[in-house]
Asker: 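To start, I am sharing the structure in question, which I have written as structure tokens.
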Amino acid sequence: MSVKITCLQLDIAFGNPTKNRKYIQQKMTEALKENPDILVLPELWDTAYDLTRLDEIADDEGQQAKQLISQFAKTNEVNIVAGSIAKKTEQGVTNTMYIFDRKGREVSEYSKLHLFKLMDEHLYLEAGTAKNLFTLEQSLCAGVICYDIRFPEWIRVHTSSGAEVLFVVAQWPAPRLAHWKALLISRAIENQCYVIACNRVGQDPNNTFAGHSLVIDPWGEIIAEAGDSEELLSADVNLELVKEIRKQIPVFTDRRTEFY
């Protein structure tokens, strides 16, 4: 079964949700020319890393983002892994991913579990507490956010439950581009899954972002890679390949969980 996935590698306006919502709708409309089954957006596409103003600019319960993405998914009959947004709750602000199916139904919600202290996330965001498994195009998928990929045990929680595709959304800085690629390839090989990673480009007052969104197959081979500027990155993935590789090298059945 072949599925076409398009990652929207974009620059994001710092602390300007109104501008970013208009832009994300424009770019999703452009991406429809690729005839995708699934669209993937980057991390914090609504606010960028304007963390100090999140109390002012975060989306109240995610309502504006959910309405926009749900309506677009339904109108255009496309699945959307909606990156992540700054969601304001009574407990604080979370970095939250939503997933919508072709009918515009929300099929999953996930708040970033691992907060990145190097960029002060722990000072302004509340961490999530739940995993993120969902079904798109008849395949079990998982979704994580940026820093999460440095925790292979967290990814394995999802793939040991059967996830065949791992979606990663990020604002990964350029100085650690080599880590971005090495970590994502490792997660694909060790979990025998597709990795679909959508990063942002551009700059904010403190960072330059790497781009280089990737689609990686279960052998760890890069089948599509973006550059360091705005780009729509599309690739066809063969979901049957996951099953074939997991039979060929039965990593999951060979695990010694009594020891770890």
Side-chain angles (χ1 to χ4, degrees), residues 5-34 36 38-89 92-112 119 121 124-126 128 132 143 145-146 167-172 196 198-207 209 211 213 226 229-233:
I5 299 174
T6 299
C7 296
L8 279 66
Q9 179 172 285
L10 307 175
D11 196 359
I12 300 167
F14 189 73
N16 193 335
T18 300
K19 181 177 181 179
N20 289 326
R21 289 183 193 115
K22 290 180 180 178
Y23 192 53
I24 206 75
Q25 191 161 12
Q26 174 191 329
K27 298 306 288 187
M28 288 194 299
T29 300
E30 289 181 22
L32 292 176
K33 298 175 184 178
E34 304 281 318
I38 303 172
L39 293 176
V40 188
L41 313 184
E43 179 186 16
L44 289 177
W45 56 261
D46 60 340
T47 62
Y49 261 89
D50 192 358
L51 298 181
T52 63
R53 295 177 59 235
L54 288 185
D55 284 343
E56 174 188 344
I57 63 175
D59 191 348
D60 190 18
E61 296 297 336
Q63 288 304 311
Q64 293 191 66
K66 287 194 288 186
Q67 182 177 358
L68 187 162
I69 301 298
S70 174
Q71 186 59 52
F72 191 94
K74 181 178 180 180
T75 299
N76 297 288
E77 298 183 342
V78 63
N79 302 288
I80 303 177
V81 177
S84 74
I85 58 123
K87 175 187 175 183
K88 184 184 293 184
T89 73
V93 179
T94 56
N95 183 346
T96 299
M97 173 190 290
Y98 296 105
I99 293 91
F100 294 89
D101 68 12
R102 292 180 184 273
K103 295 184 178 180
R105 297 176 298 201
E106 181 183 324
V107 296
S108 191
E109 175 181 337
Y110 167 72
S111 293
K112 192 175 187 178
M119 291 176 70
E121 289 185 355
Y124 302 101
L125 294 166
E126 298 296 321
N132 188 23
I145 300 172
C146 204
F167 291 95
V168 180
V169 303
Q171 293 205 28
W172 196 277
I196 315 298
C198 184
N199 196 21
R200 72 160 287 187
V201 294
Q203 298 177 320
D204 70 14
N206 301 305
N207 303 281
F209 297 95
S213 297
S229 58
E230 289 199 342
E231 185 174 339
L232 298 177
L233 180 73

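Keep in mind the model is a prediction, meaning the values are calculated, not measured.
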Asker: When you compare the side chain of V93 with that of E126, does any pair of heavy atoms fall below 4.5 Å?
Answerer: no
Asker: Taking the side chain as everything from C-beta on, heavy atoms only, tell me whether L125 gets closer than 4.5 Å to T94.
Answerer: no
Asker: OG1/T29 to CD1/I24 distance, rounded to the nearest 0.5 angstrom?
Answerer: 10.5 Å
Asker: Is there a side-chain contact between Y98 and K87 (heavy atoms, below 4.5 Å)?
Answerer: yes
Asker: Side chain of Q9, backbone of C198: donor and acceptor closer than 3.5 Å?
Answerer: no
Asker: Considering non-hydrogen atoms only, spot the tightest contact between N16 and K19 and give its length.
Answerer: OD1-N, 3.1 Å
Asker: To the nearest 0.5 Å, what is the distance between CG (L44) and CD (Q171)?
Answerer: 5.5 Å
Asker: Do other residues, nucleotides or ligands put more than 12 heavy atoms under 6.0 Å from E30 CD?
Answerer: yes
Asker: Measure from the side-chain N and O atoms of N20 to the backbone N and O of A13, and report whether any donor-acceptor pair falls under 3.5 Å.
Answerer: yes
Asker: When you compare the side chain of V169 with that of M97, does any pair of heavy atoms fall below 4.5 Å?
Answerer: yes
Asker: Report yes or no: does N79 contribute a side-chain atom to a donor-acceptor pair with the main-chain N or O of R102 at less than 3.5 Å?
Answerer: yes
Asker: Got a second to check how far K66's NZ is from E109's CD, nearest 0.5 Å?
Answerer: 6.0 Å
Asker: Side chain to side chain contact (heavy atoms under 4.5 Å, CB included) with I69: which of L41, V81, I85?
Answerer: L41
Asker: Is there a side-chain contact between R21 and D59 (heavy atoms, below 4.5 Å)?
Answerer: yes
Asker: Considering non-hydrogen atoms only, spot the tightest contact between L54 and A86 and give its length.
Answerer: CD2-CB, 3.8 Å
Asker: So F167 and I99, side chain to side chain contact (heavy atoms under 4.5 Å, CB included) or not? Walk me through it.
Answerer: CA-CA 11 Å; F167 291 95; I99 293 91; over 6 Å; no
Asker: Under a 4.5 Å cut-off applied to non-hydrogen side-chain atoms, are D46 and Q64 in contact?
Answerer: no
Asker: Considering all heavy atoms of both residues, which atom of G104 and which atom of S70 are nearest to each other, and what is their separation?
Answerer: O-OG, 2.6 Å
Asker: Output the distance between atom OG1 (T96) and atom NZ (K112), rounded to the nearest 0.5 Å.
Answerer: 11.0 Å
Asker: Find the distance between CD (Q63) and NZ (K88) and round it off to the nearest 0.5 Å.
Answerer: 13.0 Å
Asker: Taking atom types as modelled, find out whether T6 and E34 have a side-chain donor-acceptor pair closer than 3.5 angstrom.
Answerer: no
Asker: To the nearest 0.5 angstrom, please state how far the OH atom of Y49 sits from the CZ atom of F209.
Answerer: 7.5 Å
Asker: Would you say the side-chain atoms of S213 pair up with the backbone N or O of N199, donor to acceptor, closer than 3.5 Å?
Answerer: yes
Asker: Which atom names give the shortest non-hydrogen contact between L68 and M28, and what distance separates them?
Answerer: CD2-CE, 3.7 Å
Asker: Go through it in stages, so that I can follow the logic: the residues are D11 and R200, the test is side chain to side chain contact (heavy atoms under 4.5 Å, CB included), and I'd like the CA-CA distance, side-chain angles, deciding distance and then a yes or no.
Answerer: CA-CA 6 Å; D11 196 359; R200 72 160 287 187; 2.6 Å; yes
Asker: Assess whether atom NZ of K74 is packed by more than 12 heavy atoms of other residues, nucleotides or ligands within 6.0 Å.
Answerer: no
Asker: Does a side-chain heavy-atom distance below 4.5 Å link F72 with L32?
Answerer: yes
Asker: Indicate the atoms forming the closest heavy-atom contact of A48 with I12, along with that distance.
Answerer: CB-CG2, 3.8 Å
Asker: Which atom names give the shortest non-hydrogen contact between D50 and G15, and what distance separates them?
Answerer: OD2-CA, 3.4 Å
Asker: Between I38 and I80, does a side chain to side chain contact (heavy atoms under 4.5 Å, CB included) hold up when you go through it step by step?
Answerer: CA-CA 5 Å; I38 303 172; I80 303 177; over 6 Å; no
Asker: Using side-chain heavy atoms (C-beta onward) and a distance below 4.5 Å, is V201 in contact with S229?
Answerer: no
